[in-house]
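Written out below as structure tokens is the structure these notes cover.
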Number of protein chains: 2
Amino acid sequence: MSTTEQDRNISSSFAKGLAVLAVFDAATPSMTLAEIARRTGQDRATARRGALTLVQAGYLRQQGRMLSLTPRVLALAGGFLQANQFGRRVQPVLNQHAAKLETEVTLATLDQGRVLLLAQSTTERGIVTYGFTAGAHIPLAHTSLGRMLLACLPNEDAERAIIQADIPKHTEQSLTRPEAILEQIDAARSQGFSVTDSEFEPGIIGYAVPVSRPDQTPVVVGSSAPRGIDAGRASQRLLQGLQVCAAELRQTEAVNDL
Amino acid sequence: MSTTEQDRNISSSFAKGLAVLAVFDAATPSMTLAEIARRTGQDRATARRGALTLVQAGYLRQQGRMLSLTPRVLALAGGFLQANQFGRRVQPVLNQHAAKLETEVTLATLDQGRVLLLAQSTTERGIVTYGFTAGAHIPLAHTSLGRMLLACLPNEDAERAIIQADIPKHTEQSLTRPEAILEQIDAARSQGFSVTDSEFEPGIIGYAVPVSRPDQTPVVVGSSAPRGIDAGRASQRLLQGLQVCAAELRQTEAVNDL
DNA sequence: TGACATAAGTTCGATTTACGTACTAAACAT
DNA sequence: ATGTTTAGTACGTAAATCGAACTTATGTCA
């Protein structure tokens, strides 16, 4: 008879606790209890129980009044990475193409209205971009990876995602009108690749092509590089290289239906 | 009056749910509900609530009756990796030394009586070993990484860890007597490095040196390579290279007190 | 086909657990 | 010294979890 109709199959305490764990991201690597409570929208006492449970389980660490993630969270990801043979099948492919194309190559999928980086080639040289790693989130609207991912979806889903996303102006070149972005996504869908220029990081051109087959979970590979002199020829070469990389990844069967 | 005195600061439902998430590892990448219940030791109904909550939160995926991890678990690890600047500071160092030494280089720490791989250099060539990735667990007793990690601990802690660990005979060469293994750990402690030969993977020699300073959380770097002809000279070169690598990692301050 | 084994879904009352308010105390900043 | 943010504690109540028992579905072997 109460207003709160509760699904008996779902453990609400558990869901709240997970929200506490998920609130630790790149922007806020360590937080106080009060901050956790605020960001999760939970009562302070509730957030405290969740956080202390995570400390006891070894996923959070308490130093003074600050809480931060422990390496143990990596073990959770390890299950996924090993199940899909990222070490053996995916990473070597990315590295080979990265070396050949002399850029970084990134594998990504959709997650919660953002791009989730799944794997990143690592070259011998330092890292060009922000130093994103697997598990990092980047925006959908202003990256080649994001637009290509949206282009893998039915039109209406892509529209919904863009409308719901907030569109900050990362750089001077960032497109801000949703219609303009959707046009780019349409173009990516028909062309089979997407390119963005300085819309997220100034001076960086990003490329992306699809890996997933239609009706699978969208997965894409991309690369970003500083805008060079001979951008046209470089584009051709990069896009062709990425297409080959995507084809090889499809053959590994490792990234099918993530 | 009941026998179970319960800490009001800990959410037991949450802890049980976390146990469900943690049960997905390399050995069992996808499981049925009944299997989860068995492996967590939880009641079937309890395990079911936990698993369904994880599905709703997007960390598990249900295909038929099998449950498996989704890429979203990577986002949890992403928080840790970005907080400690693995992409910018750690990975480039590992890659550089891997290229120079022509092996793989692995960064690892202790977790739950096993070695937890934190990061792995990736060369352009394929991967030599099993294809372990960050987040993977390998045994303490028979790997150079594990012995070096234990050598970072006080003697009594190392002894306790070895006694509690089960010591399977992975290869013909695997040491089985706890005393013999502890001797090796002592040697590693006084020498400042550890070497194992074919005790985990046949024909592979592993090397490891400490990264963490005394009284910090143990962290080590290591590398493994097939046993070559000129093992002696190669050892010298590898160990020196790893020492330099460890020193550089210390300077980054990224892996201090994980 | 039938019998058996394993897995999944459902129900429900008793009990435990988590909730959140209210209060105290400590740390910090102005 | 004063206001502000944060943490820890306590506890009555409301709500969620527990787990046993049962039913249904799926798959397996003779």
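Quick note on labels: first sequence line is chain A, next is B, and so on, each numbered from 1.
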Exercise for the section: Specify the residues of residues 21-36 of chain B, ordered by number, for which at least one heavy atom lies under 4.0 angstrom from an atom of DNA chain C. Expected result: Thr32(B), Leu33(B), Ala34(B)
Handout entry: Within residues 37-66 of chain A, residues whose heavy atoms come under 4.0 Å of DNA chain C
Key =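 Those residues whose heavy atoms fall under 4.0 Å from DNA chain C, taken from residues 37-66 of chain A in numerical order, are Asp43(A), Ala45(A), Thr46(A), Arg49(A), Arg65(A).
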With a 4.5 Å heavy-atom cut-off, do [X] and [Y] have their side chains touching?
X	Y	result
Arg250(A)	Val211(A)	yes
Leu107(A)	Val255(A)	yes
Leu94(B)	Leu249(B)	yes

Could you tell me how far apart [X] ([atom1]) and [N] ([atom2]) are, to the nearest whole angstrom?
X	N	atom1	atom2	value
Arg8(A)	dG9(C)	CZ	C1'	14 Å
Lys16(B)	dT16(C)	NZ	P	12 Å
Phe14(A)	dC18(D)	CZ	P	11 Å
Ile10(A)	dA15(D)	CD1	C1'	16 Å

Problem - Side-chain donor-acceptor pair present, Asn9(B), Arg48(A), cut-off under 3.5 Å - result: yes
Exercise for the section: Flag the pair Phe80(A) / Phe86(A) as yes when their ring centroid distance falls below 6.0 Å, and as no otherwise. Expected result: yes
Handout entry: Ring centers of Phe200(B), His170(B) separated by less than 6.0 Å
Key =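 Yes, close enough.
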Handout entry: side-chain N/O Ser13(A) vs dA16(D) OP1/OP2, d < 4.0 Å
Key = no
Problem - dA16(D) OP1/OP2 closer than 4.0 Å to side-chain N/O of Ser12(A) - result: no
Problem - CD/Gln63(B): more than 12 non-hydrogen atoms of other groups inside 6.0 Å - result: yes
Problem - Check ion pair Glu199(A)-Lys169(A) (N to O, under 4.0 angstrom) - result: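 Salt bridge between Glu199(A) and Lys169(A), a charged N being under 4.0 Å from a carboxylate O: no.
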